[in-house]
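Notes for the one structure printed next.
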Amino acid sequence: MKVAIAGETGPDERRVALVPGLVSRLAEAGLKVVVEPGAGAAAGFLDDDYRDAGAAVDTGALDGAGAVLSVRPIGTHRLDVLAPNAITVSFLPVAQELDRVRALRDAGHTAFAMELVPRIARAQAMDALSSQAFVAGYRAALVAAERLPKFLPLAMTASGTIPPARVLVLGAGVAGLQAIATARRLGALVHAYDVRAAAAGEVRSLGAEFVDLELPTLEGTGGYARQMGEERARLQRELLAPHVAAADVLITTAAVPGRSAPLLVTAEMVAAMRPGSVVVDLAAESGGNVEGVKPGEEITVGGVLLWGARNVPSQLPAQASRLYSTNVVNLLLLMRSGETLAPDFDDEIISACCVTHRGEVRHAPTKDLLDNSGGEEQS
Ligand code: NAD
């Protein structure tokens, strides 16, 4: 079976869905990898690297392909060139991409969304949300360190002592913990807060201090947080305000699956920070944890620099691609059947992340969204 690696078309997308180092894993499974020319270039992987790894490079890579791998979903105008009932694997934010889901369904393809890989131990090596959050967390700390007009570590010199910078991280999940670890390695004094009980121990194990607000924890299912009620949100902001004001760097990563990001820091709290302070909001694209932040923009408000994230993993494209490739290859090989691919819907991982299959929308929440989305369904 031919597996195509699509060139990415998004304006700020520099990742590629398969790095040359992983071509052999698909080839060993009897799959023929064909890459669109230049697909890996923005991540530093040349067409010759793919050829050396045993892949073909061809402008017609998608023509007749039984499977296509990409980071962003491929354009709907390209669905017709694939083999009938082809498998597509990519990030596919279903709620924002209903038209695309319809097109995939109508084309009869089997579409998998990497966001929907379940959070179970067996699926950890396929968990692209975690692998990309890991990259984003690292980058967040570096962005802040580079923009802060101060040292991060404590420095004792003959000319005087420089105190360490104070970094506050809100949301200590995968990205937050990596931001904490990176800021600690740079020598900053790090404090962190999260609504999940398990986070306190994880924060402390990295040498950071957990900010205990003495509020009830908000555990959800699958290791995720629950949404805050409005009163609890107000109280949390009030209790966090002095910690925000004392921070030189504020990094926010808080998210609740399927919802827009919770507002943790108001414009008033930002105004209380010292001029020169830096805010990095990794949740900017899903509404933002910090009031006033704009995704993909760097703005200064009252002397405080607000950095709004947009596709941060793509800013470290080589390693983000390497990790994503591993996730995608592991998912694809779960469907291996002889020298072809045949998804087994009795497998809970396959079943959970499949959105469309043979003309049907299999993912129930997406099907409900489509059923309730009105007119287009009658066509
Ligand atoms: P996420 O991206 O959904 O959220 C980021 C963090 O924000 C989470 O730690 C969450 O608790 C926190 N948060 C949400 N609302 C908040 C608020 N109002 N105030 C402060 N913090 C808030 O989550 P994530 O980083 O992808 O993962 C969270 C946890 O899930 C991980 O730390 C891990 O324990 C678990 N996990 C499990 C698996 C697995 O079992 N396969 C994989 C990945 C993660």
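All ligand and atom numbering here is 1-based and tracks the order in the structure.
- For the pair Arg105 and Glu97, the salt-bridge criterion is not met [side-chain N within less than 4.0 Å of a carboxylate O].
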Ligand-protein N/O pairs under 3.5 Å (ligand 1):
| unit_1 | atom_1 | unit_2 | atom_2 | d |
| --- | --- | --- | --- | --- |
| ligand 1 | 3 (O) | Ala255 | O | 3.4 |
| ligand 1 | 4 (O) | Ala255 | O | 3.3 |
| ligand 1 | 7 (O) | Ala255 | N | 3.4 |
| ligand 1 | 9 (O) | Gly173 | N | 3.1 |
| ligand 1 | 9 (O) | Asp194 | OD2 | 2.6 |
| ligand 1 | 9 (O) | Arg196 | NE | 3.2 |
| ligand 1 | 9 (O) | Arg196 | NH2 | 2.8 |
| ligand 1 | 11 (O) | Asp194 | OD1 | 2.6 |
| ligand 1 | 11 (O) | Asp194 | OD2 | 3.3 |
| ligand 1 | 11 (O) | Arg196 | NE | 2.8 |
| ligand 1 | 19 (N) | Gln236 | NE2 | 3.1 |
| ligand 1 | 25 (O) | Val174 | N | 2.7 |
| ligand 1 | 26 (O) | Arg119 | NH1 | 3.1 |
| ligand 1 | 26 (O) | Arg119 | NH2 | 2.8 |
| ligand 1 | 27 (O) | Arg119 | NH1 | 3.0 |
| ligand 1 | 30 (O) | Arg119 | NH1 | 3.1 |
| ligand 1 | 30 (O) | Gly223 | O | 2.9 |
| ligand 1 | 32 (O) | Arg196 | NH2 | 3.2 |

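- Using a cutoff of 4.0 Å between basic side-chain nitrogens and carboxylate oxygens, Arg234 and Glu238 are scored as salt-bridged.
- For Arg237 and Glu291, the salt-bridge test fails: no basic side-chain N is under 4.0 Å from an acidic carboxylate O.
- Look at Lys2 and Asp58 and you find no salt bridge, because none of the NZ, NE, NH1 or NH2 atoms lies under 4.0 Å from a carboxylate O.
- By the 6.0 Å contact criterion, CZ on Phe210 is enclosed, its count of non-hydrogen atoms from other residues, nucleotides or ligands being greater than 12.
- Between Glu13 and Arg15 there is a salt bridge, since a side-chain N of the basic residue sits under 4.0 Å from a carboxylate O of the acidic one.
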